[in-house]
Structure formats: structure tokens, C-alpha cells
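Reviewing the structure listed below.
Computed from a predicted structure; not experimentally measured. Indexing begins at 1, ligand by ligand and atom by atom, following the structure's order.
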Amino acid sequence: MTKLQDVLDEIAGEAAGASDRGVVAHYIPELAKVDPNQFGIAVALPDGEVLTAGDAATPFSIQSVSKVFTLSLALGKLGDSLWARVGREPSGNAFNSIVQLEQEKGRPRNPFINAGAIAVADLILSGHQPREAIGEIVRFIRYLADDDTIRIDERVARSETEHGDRNASLAHFMRAFGSIEHPVDHVLGVYFHQCAIAMTCHQLARAGLYLASQGQNPLTGAQVVPAQRARRINAIMLMCGHYDGSGEFAYRVGLPGKSGVGGGILAIAPGIASIAVWSPGLDLVGNSKLGTAALEQLTRQMGWSVFGA
Ligand code: GLN
């Protein structure tokens, strides 16, 4: 795998010198403080080896990347009945858009836009207090990464709560349609805390390995989700993982991926690798600018796109 390490070093070297790095998320004040001059990448292989370059050991706010893990957790609890509450079509709209919710009577288009993830958080809350549900999500991610040091950044959670009017609007709107069962502040408490989980690229790449390995975590041997479910989650990531930038991401990178406004992206090369990349500066639709460019270069040089060379 020396070629892969060479490619990663080259990508990190180019990222270090990039002048146009995008803009960090400003609507969450705690994220606005993050230094944009950072870049990390990690590739986890099914044999457990992890190759890294750049700031791959620096924790960052995973934000919406968490939605892949909460979807996996909720599907494990509810199975396909989850799809009565949330769709699986690309939205073509911004991640925090409210317009479709009214037309579609409170059923979010997919589990990766904010409305959809809030609906999934409501499902995870069933039978629990918010604190227990948050604990369950953190434990699940620690189990996936096989790493008990993963934590929630409480300052980010507080910052999101204090500036969460937009997400509160989405949640109230859905509750008015009966698509959310629990009190809005409980649901948002779960949602904001899942988004505020901090992970390094190294940890995130390991956590995503089950999606590259037919649902099985090769680090522990555990079957996290059935193989068919891993395939379906990858399909939703490809179609919906980058919001209204999903088409562009598929065009440029050609892998299932999920972005977050912290600047992280988890991308899956099925059967080959789980890749985490992080650079805080975002493009106009809220996806990591250098992260996307790095994945484009990686898939091109390694021939990893699911659509062939
Ligand atoms: N916590 C962020 C929000 O709710 C997540 C958005 C994202 O990462 N795209 O706005």
C-alpha cells in the first residue's frame, strides 16, 4: 500500500498550500472559531490497517456525518417501518430547508437533511430519556470505531442549542403534522448532541468500515447491520449525502459519502476502504471544499470510484 500512502501524502501536501479553502460555518458560533488552515485524511482498510496524512489525529465536530450512524442505529431498532416516517429521495434543497416539509405533509425527503435526521432522533428517543438516547448514540459510535475515547464537545452542543432556531422550526413544523412524537426540546437535545460528537479522521474512517465491508466491522468481527442494509445505506449516501451538492459529489468523486458542516466527509469505497477527510472550509452548499477535492483526487488516482475509472 505504498502507492496509497504516497497519494495521501501528495493530497495533504497540496491541501497545505491551497489558497482557496472555502468558508467555515458561521451560523454555529463555536464552529466559526475553528482554524480553516487544517486538513486531515485517513483511509481504513478491511484488514484493519489505517493510513493517514495531515491532521488526521485532530478531533473535529462530525456534525451531519453523525446522521449515517443514527440512521444505522434507528434501522436496527425499527427495521423498514422507519421509512413510514422519512423518505429516501434526494431533496435538491439546502440541508436546513423547510419548503418541502409543507408540501409533503411533514415527512422529510430523506434521513440526511436536517428534518429527516430530527425525525430519526425522535425515533431513537422512543422509550428513553434524552440523556439515555444520547448515551446510546455515543456508545454505538464508540463501538463502531472500537474506541472509547470518543466524546461530545459540549461547547458545540450548547452553541447549537443557543442558535438552533432553524432546526427548532423544522421540529415544531413536523410535530404539527404528527411526525414527531416527543417534545421538541427533547428531540433537539438528542439531535444537537449527536452533531456535536468530536472525532478524528482516524476514528471516523474506522467507524465507517462496516459500510465498506458488507455490514461487518472487520476490526471486531461484529455484524453491525445486515449486508443488504449496508448496501442500501450506501445508496442513500450516494443520492442524498451531500444535500443539493449530491449530484456534484457523485460526478466528481463517485463514492457514497456524507458531509457535515464541521468540514468532515465520510466516503465509502465498497469492498475497498472507508475514508474520512476533514477541512473546515465549506463550499456554497455547505460541503468541505478541500475535502471534496481530496476525495476526487484519491478516487481518480486509486481507481476507486464505484463507476469505474
Ligand atoms: N448541526 C448542523 C445543523 O443542524 C448540521 C448540519 C450539517 O452538518 N449539514 O445545522
Heavy-atom side-chain contact between [X] and [Y] under 4.5 Å:
{"X": "Lys67", "Y": "Pro111", "result": "no"}
{"X": "Ile197", "Y": "Phe69", "result": "no"}
{"X": "Leu4", "Y": "Trp304", "result": "yes"}
{"X": "Val50", "Y": "Thr52", "result": "yes"}

Fill in: hydrophobic_cluster_shared for Val34 and Tyr27, side chain cutoff 4.5 Å
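Result: no, two separate clusters.
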
Geometric N/O contact [X] with ligand 1, under 3.5 angstrom:
{"X": "Val261", "answer": "yes"}
{"X": "Tyr191", "answer": "yes"}
{"X": "Tyr243", "answer": "yes"}

For [atom], what is the nearest protein heavy atom, given as residue, atom name and distance?
{"atom": "atom 6 (C) of ligand 1", "value": "Ser64 OG, 3.1 Å"}
{"atom": "atom 1 (N) of ligand 1", "value": "Gln63 OE1, 2.6 Å"}
{"atom": "atom 10 (O) of ligand 1", "value": "Tyr27 OH, 2.5 Å"}

Quick one: which ligand 1 atoms are inside 4.0 Å of a heavy atom on [X]?
{"X": "Asn167", "value": "3 (C), 4 (O), 10 (O)"}
{"X": "Asn114", "value": "3 (C), 4 (O), 6 (C), 10 (O)"}
{"X": "Cys195", "value": "1 (N)"}
{"X": "Gly260", "value": "8 (O)"}
{"X": "Glu160", "value": "1 (N), 2 (C), 3 (C), 4 (O)"}

Practice prompt. Record the part of Arg166 in heavy-atom contact with ligand 1 below 4.0 Å; permitted values are side chain, backbone, both and neither.
Written response: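 Near ligand 1, Arg166 shows nothing, with every heavy atom at 4.0 Å or more.
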
Worksheet item: Do any N or O atoms from the side chain of Asn217 and from the backbone of Leu144 form a donor-acceptor pair under 3.5 angstrom?
Response: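 Checked: pair present.
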
Item to complete: For atom OH of Tyr251, decide whether the heavy atoms of other residues, nucleotides or ligands shown that lie under 6.0 angstrom number more than 12.
Response: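 Counting other residues, nucleotides and ligands, OH of Tyr251 stays at 12 neighbours or fewer.
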
Discussion item. Contact between ligand 1 and Asn96 is defined here as a heavy atom of the residue under 4.0 Å from a ligand atom; is it met?
Written reply: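 Checking ligand 1 against Asn96, which is what was asked, there is no heavy-atom contact under 4.0 Å.
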
Worksheet item: Which atom names give the shortest non-hydrogen contact between Val120 and Thr70, and what distance separates them?
Response: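 Shortest heavy-atom separation between Val120 and Thr70 comes out as CG1-O, 3.7 Å.
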
Discussion item. Walk me through whether Gln63 and Gln194 qualify under side-chain hydrogen bond (donor to acceptor under 3.5 Å, both in side chains).
Written reply: CA-CA 7 Å; Gln63 292 294 316; Gln194 78 176 60; over 6 Å; no

